**Student:** 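Mind having a look at this structure? Questions to follow.
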Number of protein chains: 2
Amino acid sequence: MTSSRSYHHGDLRRALLDAAVEAIAESGPAALSLRDLARRAGVSHAAPAHHFGDKAGLLTALATQGFDRLGEALRGAGDDFRESGVAYVVFAVRHRAHFEVMFRPDLYRADDPDLVAARERTGELLRGGVSRHTGREPDVDALAAWSIAHGFAELWLAGALPTRVGADPEPAARAVVGRLFS
Amino acid sequence: MTSSRSYHHGDLRRALLDAAVEAIAESGPAALSLRDLARRAGVSHAAPAHHFGDKAGLLTALATQGFDRLGEALRGAGDDFRESGVAYVVFAVRHRAHFEVMFRPDLYRADDPDLVAARERTGELLRGGVSRHTGREPDVDALAAWSIAHGFAELWLAGALPTRVGADPEPAARAVVGRLFS
DNA sequence: GCGGCAATCTTGTCAGCGACAAGATTGGAC
DNA sequence: GTCCAATCTTGTCGCTGACAAGATTGCCGC
């Protein structure tokens, strides 16, 4: 990172994305402001426009990054179906900001080539991992597995779950996801 | 409905909520503007403030309405577990605007008394309906059922599902939800 | 009927935001 | 060493949410 008083920031694009993650984690994607990100990064209010065009452009980049990182997390979970589901939930909770943007296509440009590619890669991974596990009707099985992991993650993030589920999502996620194909 | 040129609107609160549903269905909750709603209802830009205080107040009312209507939809589905899940998904798709607000507590006041009451009522209904169906470990079963229906609905609304699932969510939802406890 | 009151709606204003335009600064290619 | 393109700044505009103050009207008691 270069000196803070230099005219050129050095790595503003990354700094803005990091600041966006921080801001979204604090107040949700709805309250995100480009000018606030610029302040956090110590640049002028118009600097973000050069790297992302507009707000949707920044969120497109964030969603793309999210799909890529979700892919890594799923690969790290191995072939086991249940662990993939748990990894999906853990990713959503640990990378809340990314996750909250990824599945709100009204916030970004869903037809952006880079984003489409990242989403396809991770989607294929998701579908393949499940249909490899069970023999018959892979489509419905994959959809069911994706749905249950995604639903649990969304409900957890929304704070909709009863408090007795506990503070750690992982054991609850393992139990819930395990109910499939049992 | 009173004459459009009268000083008092007559039923502005309802008109604004209806307009909000329309606007959110068109462009998502992020693009919602109180001034746009006022224009749609034919009143001045400051009129909404009297009924809802601020934007969060309006969305709180919309979410409350949504939880109540989801409760009605679930009651209409009867005691059958699978049909409850399908009804949940159908509600999400048919009342997209309400659903999209209900599970985004960062958009409204989640501690509002009326909202909390409506959410509790529907939540109890959701949990009770499922644990009545299966005998053992009702908590995990209820959570799994809620998760799979909620996840499928969210993925459908986000446009994340492969196109071959089809244009009608109901048969796909029935198949996916049916995978639980099978 | 009618006086007054409270609910409802209007006009006016302010700061913050996203987007755009035009200019300043700088690193690097040649 | 010069020039160019990438990067960042300053300035501006219309839109938005929120607040303040005033206008209109339905309604209740008498």
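Only a predicted model underlies this, so the values are computations on that prediction, with no experimental measurement involved. Lettering of chains follows the sequences in order, A, B, ..., and the numbering in each one begins at 1.
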**Student:** Check the distance between dT16(D)'s C1' and L34(B)'s CG and give it to me in whole angstrom.
**Tutor:** 9 Å
**Student:** Flag the pair R104(B) and E100(A) as a salt bridge only when some basic side-chain nitrogen lies within less than 4.0 angstrom of an acidic carboxylate oxygen.
**Tutor:** no
**Student:** When the ring planes of F103(A) and Y88(A) are compared, do they come out parallel, tilted or perpendicular, using 30° and 60° as the limits?
**Tutor:** tilted
**Student:** Rounded off to whole Å, could you give me the CG-to-P distance for the L32(B) and dA18(D) pair?
**Tutor:** 11 Å
**Student:** Measure centre to centre between the rings of F99(A) and H95(A), then say whether the value is under 6.0 Å.
**Tutor:**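 Not under 6.0 Å, so no.
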**Student:** Is the side chain of R119(A) donor-acceptor paired with the backbone N or O of A110(A) at a distance under 3.5 Å, no angle test?
**Tutor:** yes
**Student:** Measure from CZ on R35(A) to C1' on dC15(D) and round the result to the nearest Å.
**Tutor:**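 Those two atoms, CZ and C1', are 12 Å apart.
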**Student:** Please tell me if R39(B) has a side-chain N or O lying less than 4.0 Å from either OP1 or OP2 of dT16(D).
**Tutor:** yes
**Student:** Please tell me which of the listed nucleotides, dT10(C), dC8(D), dG17(D), lies nearest to the side chain of L12(A)?
**Tutor:**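 Nucleotide nearest to L12(A)'s side chain: dC8(D).
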**Student:** Do E26(B) and R40(B) meet the salt-bridge criterion of a basic N to acidic O distance under 4.0 Å?
**Tutor:** yes
**Student:** Taking atom types as modelled, is there a side-chain donor on E154(B) or H150(A) under 3.5 Å from an acceptor on the other?
**Tutor:**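 No.
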**Student:** Using a cut-off of strictly less than 4.0 Å between a heavy atom of the residue and any atom of DNA chain D, enumerate the qualifying residues of residues 46-58 of chain A by number.
**Tutor:**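 Only A46(A), A47(A), H50(A), H51(A) qualify.
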**Student:** Which atom names give the shortest non-hydrogen contact between F152(B) and A172(B), and what distance separates them?
**Tutor:**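 Nearest pair, atom of F152(B) first, then A172(B): CZ-CB, 3.7 Å.
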**Student:** What is the distance from CG of D36(B) to C1' of dG14(D), rounded to the nearest Å?
**Tutor:**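 Answer to the nearest Å: 15 Å.
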**Student:** Is the phosphate of dT16(D), meaning OP1 or OP2, less than 4.0 Å from a side-chain N or O of S33(B)?
**Tutor:**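 Yes, because at least one side-chain N or O of S33(B) sits under 4.0 Å from OP1 or OP2 of dT16(D).
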**Student:** Are the side chain of S84(B) and the backbone N or O of L74(B) linked by a donor-acceptor pair below 3.5 Å?
**Tutor:** no
**Student:** Contacts to DNA chain C from residues 17-25 of chain B, heavy-atom cutoff under 4.0 Å, which residues?
**Tutor:**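 Under 4.0 Å from DNA chain C: no residue of residues 17-25 of chain B.
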**Student:** Kindly say whether, by distance alone, the side chain of H45(A) makes a donor-acceptor pair under 3.5 Å with the base of dG16(C)?
**Tutor:**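 No, no donor-acceptor pair under 3.5 Å.
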**Student:** If you look at every strand shown and take non-hydrogen atoms under 4.0 Å, does L37(A) touch a base, only sugar-phosphate, or nothing?
**Tutor:**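 If one applies the 4.0 Å heavy-atom cut-off, L37(A) turns out to touch nothing in the nucleic acid.
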**Student:** With no hydrogens and no angle check, is any side-chain donor or acceptor of R109(A) less than 3.5 Å from a backbone partner on L59(A)?
**Tutor:**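 Answer holds: no.
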**Student:** Using whole Å, report how far CG of D11(B) lies from P of dT25(D).
**Tutor:** 19 Å
